[in-house]
Amino acid sequence: MEKDFDLIIFDLDGTLYQRSPEIDMVFPKVSIKLAAKSTGKSEEEMQVEFMQKKDELARLINGNPTSTLTLFHYYDVEFKEFEDEVNKLLNIESILKPDPKAIKAIEKVNKLYSLFLFTTNNGVLSNRILKTLKLDQIFPISRRFSLDSVENLDMPKKKKLEYIKPGLRGFEFILNRFGVMPEKTLMVGDSEISDIIPATKLGIKTYHVVDREKLYALPEWLGMKLAEVSNLSKVK
Ligand SMILES: [Mg+2]
């Protein structure tokens, strides 16, 4: 008997693919550049200040914030400007490759369960990553909540930040949108701070992707047999 979930929410970065320093370095780099630009300081000065702000925010949210969240929390920078800069610098298509084992595992889970993607990454880059990984059909645009989804919310910027992980409102938004109960929802993610802890706070079940093997083992953990399954019972 398979585990009973009405919705499985996947994180993107570090969950559907292995992160790498080459990718990770772009986000703090762009954040510091734009923070410097917005304040008229040099990038060298901002390097120090930004790290202090990041520590300050870490104490505030009780965990390590991303550079992206730190940037938007403290500096007057438009989401769009940040996205454009990241998208320009990051040649993701030459860094990532499709992972047949991951595709197989996720395709299998997709046959029985309703899937959704919740990422702090921006819409354009998420799309490029999913396409490169050959997972864009499984997570079509209508089944993604990314930084541009936050941007499009009709509310003040400070309020919007609560929809960025590890804030809880993004998770609540997704639960409401599908009308699912937290205990019938599974969060699959690599980050203790951004995925596991906030989901747990809301009563969402969690699956911590600590390495690639853990991702490949998801169908088995869900109780899915090795044989093919029908998609009759899937909730849309
Ligand atoms: Mg992640």
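Quick note: residue numbers are just sequence positions, from 1. Counting convention: from 1, in listed order, for ligands and their atoms alike.
- Its N, O or S atom nearest to the Mg ion (ligand 1) is what matters here, and for D13 that atom is O.
- A heavy-atom distance below 4.5 Å is not found between the side chains of N121 and S146.
- A 4.5 Å side-chain heavy-atom check between T206 and D195 finds every atom pair outside the cut-off.
- Among the atoms of D190, an N, O or S atom falls under 2.8 Å of the Mg ion (ligand 1).
- Side chain of D148 to main chain of E151: no donor-acceptor pair is present (N/O by atom type, distance under 3.5 Å, no hydrogens or angles).
- Shown here for Y207 and A217, the closest heavy-atom pair between the two residues is OH-C, 3.6 Å.
- The minimum distance between the Mg ion (ligand 1) and any N, O or S atom of D11 involves atom OD2.
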